[in-house]
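Data block below; observations after.
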Amino acid sequence: MPEINRQLRLHSRPKGLLAPGDLRLAESPVSELKDGQALARVKYLSIDPTMRVWMVADTYLPAVPIGEVMRAAGFAEIIESRHPDYKKNFFQKLPKIPFVSDTVFLGVLGLNGLTAFFGMEIAAPKKGEALVVSAAAGATGSIAGQIGKIHGCRVVGIAGSDEKCSWITKDLGFDTAVNYKHPDWKEKLAAATPNGIDIDFENVGGEIMQEVLNRMNLHGRVALCGLISGYTKEDPARVSLGNILVKRLRVQGFIILDYAARFVEAATQLGQWKMFGKLKDRETIVEGLEKAPDAINMLFTGGNTGKLIVKL
Ligand SMILES: NC(=O)c1ccc[n+]([C@@H]2O[C@H](COP(=O)([O-])OP(=O)(O)OC[C@H]3O[C@@H](n4cnc5c(N)ncnc54)[C@H](OP(=O)(O)O)[C@@H]3O)[C@@H](O)[C@H]2O)c1
């Protein structure tokens with residue numbers, strides 16, 4: 001049994017990107033296991049934009065209190081147990097699947113794949129419709145766009161580098177990609193969606209969402225998955241709601257935890273798509289617990305392609 005538990009504790013609430021010292025490394029002894037407890041060794045941590053939100057505000061989960069261990073999803077191995085089964089808390093037992101790495105359970109077959117799956121269910125895609133996905137080379141967006149292709153949509157991804165745009169079109173099969181860092185990105189988006197947009201799988205908010213809403217068709221749907229452009233700002237990005245009204249859009253926000261009862265059903269479908277080559281994924285892996293604060297910042301500077309993971 002290991003004697004020391006290493007932790008990142010929240011020392012101060014960040015303003016903008018995380019500053020050195022907002023999260024601090026600490027160590028404490030691992031206490032003796034009691035009946036009803038299990039000991040897990042964390043192998044990988046999932047790095048998610050929502051962690052930045054948990055560091056400052058109460059939302060769908062309470063903010064992490066100052067001084068507490070930072071919350072994260074992860075992949076762990078039970079190394080000792082005095083619990084007949086460890087269903088309680090957030091534990092989810094996972095099957096061993098040949099030929100895939102354990103980390104798929106944090107990305108394509110984990111919360112990001114599930115988020116893409118249920119967000120696309122909300123979007124109700126029909127063959128031939130135009131789907132736009134923002135943060136399209138990220139863990140969630142890259143899967144949402146591929147699910148759109150499986151349903152026969154014309155899929156346009158918006159991402160922050162030419163390399164990311166090339167990955168989602170050449171490898172993942174998106175029809176077009178628009179790099180929002182090029183000054184003419186709005187013209188490119190217009191050229192890529194000559195008949196308007198039917199579905200917005202929204203991950204970013206702000207100016208990108210505004211431009212996509214401007215191009216929406218009547219009775220379009222917006223799966224409002226995330227608003228990452230506002231997470232590091234004091235004032236959350238504002239988006240005009242006029243388009244929603246005039247174009248009779250159906251907009252639905254969602255939190256993936258609401259779908260917990262259907263995770264196995266969705267992961268089975270995602271697993272089949274992956275096995276038959278219909279879904280591809282990529283991972284950006286950073287090594288070492290002490291690198292986790294920098295890794296969180298990578299989400300906001302676009303340093304990751306696909307799922308961002310910290311290996312311990
Ligand atoms: N509703 C839910 O239950 C749920 C669950 C999971 C995730 N989400 C949301 O889904 C979104 C994506 O999360 P993820 O975990 O899959 O992360 P991710 O897409 O793998 O990483 C975030 C990406 O967002 C892009 N980005 C960051 N700041 C941006 C900005 N100001 N403008 C445009 N793009 C920006 C960056 O890529 P570029 O290089 O392209 O800029 C970055 O790589 C987030 O909004 C997250 O909150 C929601």
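First listed ligand is number 1; within each ligand, the first listed atom is number 1.
Under a hydrophobic-cluster definition in which Ile, Leu, Val, Met, Phe, Trp and Tyr are linked whenever side-chain heavy atoms come within less than 4.5 Å, directly or via other members, Leu10 and Val69 are assigned to different clusters.
Atoms of ligand 1 found under 4.0 Å from any heavy atom of Phe254 (numbered from 1 in listed order, with element): 1 (N), 2 (C), 3 (O). Interface of Ala159 with ligand 1, defined as ligand atoms under 4.0 Å from a residue heavy atom, comprises 40 (O). Near Gly138, meaning under 4.0 Å from any of its heavy atoms, are these atoms of ligand 1: 18 (P), 19 (O), 20 (O). Here is the list of ligand 1 atoms found below 4.0 Å of a heavy atom in Leu227: 45 (O). Contact atoms of ligand 1 toward Gly306: 20 (O) (distance under 4.0 Å to a heavy atom of the residue). Of all atoms in ligand 1, numbered sequentially from 1 with element shown, those under 4.0 Å from a heavy atom of Ile208 are 33 (C). Taking a cut-off of under 4.0 Å to the non-hydrogen atoms of Ala139, the atoms of ligand 1 that pass are 16 (O), 18 (P), 19 (O), 20 (O). Counting the atoms of ligand 1 from 1 in the order shown, those under 4.0 Å from a heavy atom of Asn304 are 18 (P), 20 (O), 21 (O), 42 (C), 43 (O).
By the 4.0 Å heavy-atom criterion, Leu299 is counted among the residues contacting ligand 1. In this structure, Pro49 counts as a contact residue of ligand 1, since one of its heavy atoms falls inside 4.0 Å of the ligand. Judged by the shortest distance from any of its heavy atoms, Asn112 lies inside the 4.0 Å radius around the atoms of ligand 1. Not a single heavy atom of Ser142 sits less than 4.0 Å from an atom of ligand 1.
Scanning the protein heavy atoms around atom 26 (N) of ligand 1, the nearest turns out to be Ile228 CG2, 3.8 Å. Nearest protein neighbour of atom 3 (O) of ligand 1, counting heavy atoms only, is Ile256 N, 2.7 Å. Looking only at protein heavy atoms, the nearest one to atom 39 (O) of ligand 1 is Lys164 NZ, 2.6 Å. Closest to atom 30 (C) of ligand 1, if we only count protein heavy atoms, is Ser229 CB, 3.9 Å. Thr140 OG1, 3.6 Å is the protein heavy atom nearest to atom 14 (P) of ligand 1. Scanning the protein for heavy atoms near atom 28 (N) of ligand 1, the closest one is Phe300 O, 3.7 Å. Atom 34 (N) of ligand 1 has as its closest protein heavy atom Tyr180 OH, 3.3 Å. Looking only at protein heavy atoms, the nearest one to atom 5 (C) of ligand 1 is Thr115 OG1, 3.3 Å.
Listed for the Arg52 side chain is a donor-acceptor partner under 3.5 Å among the backbone atoms of Gly16. The backbone N or O of Leu39 sits nowhere less than 3.5 Å from a side-chain atom of Arg41 that would complete a donor-acceptor pair. A side-chain donor-acceptor contact under 3.5 Å links Asp175 to the backbone of Val155. The main-chain N or O of Lys34 is found under 3.5 Å from a side-chain atom of Gln37 such that the two form a donor-acceptor pair. Judged by distance alone, the side chain of Lys247 and the main-chain N or O of Leu213 form a donor-acceptor pair under 3.5 Å.
At a threshold of 4.5 Å between non-hydrogen side-chain atoms, the residues Met51 and Met70 count as touching. Two residues are said to be in side-chain contact when any heavy atoms from C-beta on lie closer than 4.5 Å; Val222 and Phe201 fail this criterion.
Ring geometry, Phe118 versus Tyr259: the interplanar angle falls under 30°, so the pair is classed parallel (tilted spans 30 to 60°). Aromatic ring orientation, Phe117 versus Trp273: tilted (interplanar angle from 30° to 60°).
Looking at Gln7 and Asn5, their side chains do bring a donor and an acceptor atom within 3.5 Å of each other. For the residue pair Thr140 and Asn112, a side-chain donor N or O sits within less than 3.5 Å of a side-chain acceptor on the partner. In summary, the side chains of His219 and Asp198 do not present any donor paired with an acceptor at a separation below 3.5 Å, with no hydrogens or angles considered. For Lys307 and Ser46, the side-chain atoms include at least one donor-acceptor pair closer than 3.5 Å.
For ligand 1, the polar-atom distance check against Gly160 finds a nitrogen or oxygen pair separated by under 3.5 Å. Polar contact check, Tyr231 against ligand 1: a nitrogen or oxygen pair lies under 3.5 Å apart.
Of all the listed residues (Cys225, Gly302, Gly226), Cys225 holds the heavy atom that lies closest to atom 48 (C) of ligand 1. Scanning Asp258, Asn203, Val204, Ile47 for the heavy atom closest to atom 44 (C) of ligand 1 points to Asn203.
With a heavy-atom cut-off of 4.0 Å, Leu308 does not touch ligand 1 at all.
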Requested in this report: Begin from the C-alpha positions of Asp22 and Ser12 and carry the test side-chain hydrogen bond (donor to acceptor under 3.5 Å, both in side chains) through to its verdict.
Outcome: CA-CA 5 Å; Asp22 283 341; Ser12 46; 2.7 Å; yes

